[in-house]
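Structure record follows, encoded as structure tokens.
In this text the structure is predicted, and so the values were computed from the model without any measurement.
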Amino acid sequence: MKKKKGAFSRRSRRMKAAGEAAGALLLSLGGKQQRHLAALWDNWNLILGEELDGLGLPLGHKDGTLYIGADDSMALQELSMYSMEILERANAFMDSHFFNNVKVELMQGRRNLAAPRLIGFQGPALPALPPRPDKLGALRDKLDKNSPVAQCYEAYLALFEQEGSNAPG
């Protein structure tokens, strides 16, 4: 197919901020639905209601099917009996006919999507402090208070003062 000359308008040729372009891309890839799904998993206890709360956990979705995990066969049977009601509640939460059916399976060690997600980084523990020097703080009065070296020295002393509240001086 041959492109017409001038098929692109000047507006489409202008530079865009990365955030603006990324937002448009995510929306075109179903970003709004993903946000709704994340909210669905976070509010899973509202979908099941009081009578079924704790029996089933969300495992995910695929091709219009909502997958729910049960810990044992009794919970699986109970959830299967309420599958149409769960389907109606989930679609009402999504404000559309997002799911076509519900499939209940045994958890078998799979991760549920309603579990709290870690926010932030949990890195390795800080290294242990070196042994406390014998003459700690001896240079405090000898340094110019406004110098960068004095500020670093004060930070160094503060490390031992925090640790020193528990340790002998």
Side-chain angles (χ1 to χ4, degrees), residues 14-62 65-76 78-79 86 89-90 92-95 98-99 102-169:
R14 73 175 173 85
M15 296 282 274
K16 290 185 178 182
E20 182 183 348
L25 175 66
L26 290 175
L27 282 176
S28 70
L29 295 174
K32 187 175 180 181
Q33 291 176 344
Q34 295 302 322
R35 281 198 318 257
H36 268 75
L37 282 170
L40 178 74
W41 309 143
D42 290 341
N43 295 294
W44 185 248
N45 57 344
L46 298 174
I47 304 302
L48 289 185
E50 290 181 18
E51 65 274 3
L52 298 176
D53 191 25
L55 289 180
L57 299 167
L59 295 177
H61 72 96
K62 184 177 181 182
T65 301
L66 173 63
Y67 290 91
I68 300 174
D71 285 330
D72 56 32
S73 59
M74 294 294 285
L76 188 139
E78 189 77 16
L79 289 167
I86 294 169
R89 289 180 185 179
F93 187 89
M94 297 293 286
D95 291 329
F98 191 82
F99 301 109
V102 173
K103 186 170 183 183
V104 184
E105 300 175 346
L106 291 175
M107 288 289 291
Q108 297 179 344
R110 290 186 277 185
R111 180 183 170 271
N112 81 75
L113 297 174
R117 294 177 286 280
L118 292 178
I119 299 174
F121 174 73
Q122 293 181 344
L126 294 174
L129 284 176
R132 185 181 178 97
D134 294 333
K135 297 181 182 180
L136 184 66
L139 297 176
R140 183 176 265 166
D141 297 329
K142 296 178 183 177
L143 297 172
D144 179 22
K145 300 281 186 210
N146 297 325
S147 73
V149 173
Q151 293 172 2
C152 290
Y153 187 65
E154 288 297 323
Y156 175 73
L157 293 176
L159 286 174
F160 284 103
E161 288 170 3
Q162 291 171 359
E163 185 77 19
S165 62
N166 298 347

- Task: Provide the closest heavy-atom pair for W41 versus P58 in the form atom of the first, atom of the second, distance.
- Result: CE3-CB, 3.4 Å
- Item | Considering all heavy atoms, the nearest L106-S73 contact |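 Between these two residues, the closest heavy atoms are CD2-N, 4.1 Å.
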Review item, side-chain donor-acceptor pairs of residues 48-57, under 3.5 Å, at least two apart:
unit_1 : atom_1 : unit_2 : atom_2 : d
E51    : OE2    : R89    : NH2    : 3.0

- Query: Should M107 and D72 be marked as a side chain to side chain contact (heavy atoms under 4.5 Å, CB included) after you check the CA-CA gap, both sets of side-chain angles, and the distance that decides it?
  - Reply: CA-CA 8 Å; M107 288 289 291; D72 56 32; over 6 Å; no
- Message: For residues 141-159, which residue pairs pass the side-chain hydrogen bond (donor to acceptor under 3.5 Å, both in side chains) check, not counting sequence neighbours?
- Response: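 As it turns out, the side-chain hydrogen bond (donor to acceptor under 3.5 Å, both in side chains) pairs with a partner in residues 141-159, which skip direct neighbours, are R140-E154.
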- Item | Distance, nearest 0.5 Å, that separates OG1 of T65 from CG of L59 | 12.5 Å
- I68 versus W44: any side-chain heavy-atom pair under 4.5 Å?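 They are in side-chain contact.
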- Note on the structure: Sequence neighbours excluded, the answer for side chain to side chain contact (heavy atoms under 4.5 Å, CB included) partners of N43 is A39, L46, F93
- Item | Listed partners of F98 passing ring-ring contact (aromatic ring centres under 6.0 Å, His included), at least two apart | H61
